[in-house]
Asker: 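First, the structure itself, so that you have it in front of you.
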Amino acid sequence: MNDEWRTISYRKAISALKRQKKPITSYQEAIKIRGIGDRTAEKIAEIIETGNLRRLQHFSEDDEVIKKFSDIWGVGSAIAMKWYAKGYRTFDDIIQNVKLTRVQRIGLECFDDLRERIPRDEVTEISKRVEEAACRIDPKLLCITVGSYIRGKPTCGDIDILITRNNTDGKTSSGPFLKLLNTLREQGLLTHDLTKHQEENATSRYFGICKLPGGEKYRRIDLFTVPFNELGAALLSFTGNDIFNRSMRLLARKKKMKLNNHGLYKNISRGRGGDSLTEGTLIAQRTEREIFDALGVPWR
DNA sequence: GGGCTGTACTG
DNA sequence: CAGTAC
DNA sequence: GCCC
DNA sequence: AGGTG
DNA sequence: CACCT
């Protein structure tokens with residue numbers, strides 16, 4: 001089933017609903033909202049009037065199985081459906097019959113913990129530990145916890161920490177980055193690596209799992225090292241949420257520009273598939289404000 | 001009808 | 001490359 | 001799915 | 001991963 | 001094996 005875009009559309013609708021200040025009480029109110037069309041407004045109306053949605057009753061256990069499989073980190077829709085097609089229905093079936101990848105084994109091992117959201121205070125605590133370790137390696141390292149945390153959410157799905165360093169003295173954060181990871185591993189804060197840090201080619205993004213000493217749950221953590229000049233673009237990108245990012249990037253695209261986590265580029269020409277044919281010219285990356293201005297978007 | 005963000009990592 | 005994830 |  | 005030389 | 005997709 002090719003429900004990819006429908007899924008994205010629903011997520012957009014949910015996001016739009018959450019942004020509403022007042023509860024929606026009718027079809028008419030719902031359909032006025034950008035991102036909610038006739039089909040979704042009808043479903044909203046049914047929920048308002050009857051308290052539930054009949055179509056949900058038709059959800060089969062098959063759908064539940066596929067959904068649960070794809071909740072494993074490292075398992076997406078393609079693999080979930082493949083497993084289902086082979087007749088597997090439970091985690092036990094999977095463990096018995098499938099040769100799991102390294103990250104899938106970890107995802108399964110930590111499955112229950114990773115489904116839980118993280119209380120804001122715990123994100124603060126974990127961030128503090130990362131920051132202290134970073135500071136001991138190089139006092140000029142700057143750590144910023146981004147993602148839903150920086151958006152002020154009371155709970156977070158994971159912990160995203162951006163690491164940079166004022167490079168006016170010629171040094172960046174990419175060297176200390178690997179050292180930081182090792183320190184955090186030695187401390188026992190980082191418990192599992194989801195990205196494999198191949199010795200030589202240092203990557204700029206680390207995905208892993210951590211646990212506070214004496215903590216109860218495994219938590220997903222992402223660390224990024226970012227060139228100081230790109231900080232604005234990185235903040236914009238890693239602060240999200242994803243729907244906001246997509247709208248900004250789409251706006252850039254309409255203006256023959258391109259926005260990514262490194263910066264904003266102009267004079268982009270694109271092919272049929274939407275892929276850039278031109279490198280374009282970098283016009284903003286250092287601050288978020290710069291990028292908003294260059295895009296013609298009012299700052300906050 | 002046809003598009004719908006852009007990038008990095010894994011195997 | 002397809003798949004996954006951010 | 002929604003929107004142009 | 002699978003395919004190539 | 002290194003390299004491509």
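Proteins come first, then strands; the chains are lettered A, B, ... in the order of their sequence lines, and each starts at number 1. The structure presented is a predicted model; accordingly, all values stated were derived computationally and were not measured.
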Asker: Grouping I, L, V, M, F, W and Y whenever their side-chain heavy atoms are under 4.5 Å apart, do I221(A) and L184(A) come out in a common cluster?
Answerer: yes
Asker: Output yes when at least one side-chain N/O atom of R220(A) is less than 4.0 Å from OP1 or OP2 of dA5(C), else no.
Answerer: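 Negative; the distance criterion is not met.
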Asker: For F224(A) and dT7(B), what is the distance between atoms CZ and P respectively, to the nearest whole Å?
Answerer: 15 Å
Asker: For a quick check of understanding: with a heavy-atom distance under 4.0 Å over all strands, which category does S77(A) fall into, base, sugar-phosphate or nothing?
Answerer: sugar-phosphate
Asker: Would you tell me if any nitrogen or oxygen in the side chain of H262(A) comes within less than 4.0 Å of OP1 or OP2 on dA8(B)?
Answerer: yes
Asker: Please give, in whole Å, the distance from dT4(C) P to I72(A) CD1?
Answerer: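 Distance, rounded to whole Å: 11 Å.
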Asker: Distance check, C1' atoms only: dC1(C) and dC4(F), in whole angstrom units.
Answerer: 9 Å
Asker: Indicate yes or no: does R185(A) engage D193(A) in a salt bridge with an N to O separation below 4.0 Å.
Answerer: yes
Asker: If the C1' atom of dT5(B) is compared with that of dA5(C), how far apart are they to the nearest Å?
Answerer: 14 Å
Asker: Can we call the ring centroids of F224(A) and F238(A) under 6.0 Å apart?
Answerer: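 So the answer is yes for these two rings.
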Asker: Mind calculating the distance between CD1 (I8(A)) and C1' (dG3(B)) to the nearest angstrom?
Answerer: 12 Å
Asker: Does CZ in R117(A) sit with more than 12 non-hydrogen atoms of other residues, nucleotides or ligands closer than 6.0 Å?
Answerer: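 Correct, the count exceeds 12.
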Asker: According to a strict under-4.0 Å criterion, is N261(A) in side-chain N/O contact with OP1 or OP2 of dT7(B)?
Answerer: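 No, outside the criterion.
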Asker: If you measure from the Lys or Arg side-chain nitrogens to the Asp or Glu carboxylate oxygens, is any gap between D71(A) and K67(A) under 4.0 Å?
Answerer: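 Salt bridge: yes.
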Asker: Tell me whether R165(A) is salt-bridged to D138(A), with the criterion being a basic N under 4.0 Å from an acidic carboxylate O.
Answerer: yes
Asker: In whole angstrom, give the distance that lies between atom CZ of R11(A) and atom C1' of dA5(C).
Answerer: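 Roughly 12 Å, once rounded to whole Å.
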Asker: Consider side-chain contact (heavy atoms from CB on, under 4.5 Å). Of T124(A), I118(A), D158(A), which one does Y149(A) pass it with?
Answerer: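 Of the listed residues T124(A), I118(A), D158(A), the side-chain contact (heavy atoms from CB on, under 4.5 Å) partner of Y149(A) is T124(A).
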Asker: Take atom CG of D275(A) and atom C1' of dT7(B), then tell me their distance rounded to the nearest Å.
Answerer: 14 Å
Asker: For K266(A), does the NZ atom have more than 12 heavy-atom neighbours from other residues, nucleotides or ligands under 6.0 Å away?
Answerer: no
Asker: L259(A) near the nucleic acid: base, sugar-phosphate alone, or nothing, with a heavy-atom cut-off under 4.0 Å?
Answerer: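 If one applies the 4.0 Å heavy-atom cut-off, L259(A) turns out to touch the sugar-phosphate alone, with no base involved.
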Asker: Identify each atom pair where a protein N or O and an N or O of nucleotides 2-4 of chain D are less than 3.5 Å apart, giving names and distance.
Answerer:
residue : atom : partner : partner atom : Å
dC2(D)  : OP1  : G37(A)  : N            : 2.9
dC2(D)  : OP1  : G37(A)  : O            : 3.4
dC2(D)  : OP1  : T40(A)  : N            : 3.2
dC2(D)  : OP1  : T40(A)  : OG1          : 3.2
dC2(D)  : O4'  : S9(A)   : OG           : 3.2
dC3(D)  : OP1  : G35(A)  : N            : 3.0
dC4(D)  : OP1  : R34(A)  : NH2          : 3.0

Asker: Taking dG1(D) as the reference, what is the distance to dA8(B) when you measure between their C1' atoms (whole Å, please)?
Answerer: 28 Å
Asker: What is the distance from CG of L100(A) to C1' of dT4(C), rounded to the nearest Å?
Answerer: 15 Å
Asker: Determine if W5(A) stacks with dC4(B); use a centre-to-centre distance below 5.5 Å and an interplanar angle below 30° as the criteria.
Answerer: yes
Asker: Below 4.0 angstrom, which residues in residues 234-244 of chain A have at least one non-hydrogen atom near DNA chain B?
Answerer: none
Asker: Please work out if V103(A) contacts a base, only the sugar-phosphate, or nothing of the nucleic acid, heavy-atom cut-off 4.0 Å.
Answerer: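 If one applies the 4.0 Å heavy-atom cut-off, V103(A) turns out to touch nothing in the nucleic acid.
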Asker: It should be established whether K258(A) places a side-chain nitrogen or oxygen under 4.0 Å from OP1 or OP2 of nucleotide dT7(B).
Answerer: yes
Asker: What's the CD1-P distance between I79(A) and dG11(B), to the nearest Å?
Answerer: 11 Å
Asker: Just wondering, more than 12 heavy atoms not from R89(A) lying within 6.0 Å of its CZ?
Answerer: yes
Asker: Can you tell me, in whole Å, how much space there is between the C1' of dT5(F) and that of dA2(C)?
Answerer: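 Between the two C1' atoms, the distance is 10 Å.
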Asker: Heavy atoms under 4.0 Å, any strand shown: does N245(A) hit a base, just sugar-phosphate, or nothing?
Answerer: nothing
Asker: Hey, is the side chain of W73(A) poking within less than 4.0 Å of OP1 or OP2 on dG3(C), counting only N and O atoms?
Answerer: no
Asker: Taking for each residue the nucleotide of DNA chain B bearing the nearest heavy atom, is the 5' side occupied by L194(A) or by R246(A)?
Answerer: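 Taking each residue's closest nucleotide, the earlier one in sequence belongs to R246(A).
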Asker: Expressed in angstrom and rounded to an integer, what is the separation of F69(A) atom CZ from dA5(C) atom C1'?
Answerer: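 For the pair F69(A) CZ and dA5(C) C1', the rounded distance is 20 Å.
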Asker: Any salt bridge between D113(A) and R219(A), counting N to O under 4.0 Å?
Answerer: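 No, no charged N to carboxylate O under 4.0 Å.
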Asker: Can you tell me, in whole Å, how much space there is between the C1' of dT7(B) and that of dT4(E)?
Answerer: 28 Å
Asker: Counting heavy atoms from C-beta on, name the nucleotide in dT5(B), dT4(C), dC6(C) closest to the side chain of R205(A).
Answerer: dC6(C)
Asker: Between D112(A) and K217(A), does any side-chain N to carboxylate O distance fall below 4.0 Å?
Answerer: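 Salt bridge flag = no for K217(A) with D112(A).
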Asker: Any base atoms under 4.0 Å from I14(A), or only sugar-phosphate, or nothing? Heavy atoms, all strands.
Answerer: nothing
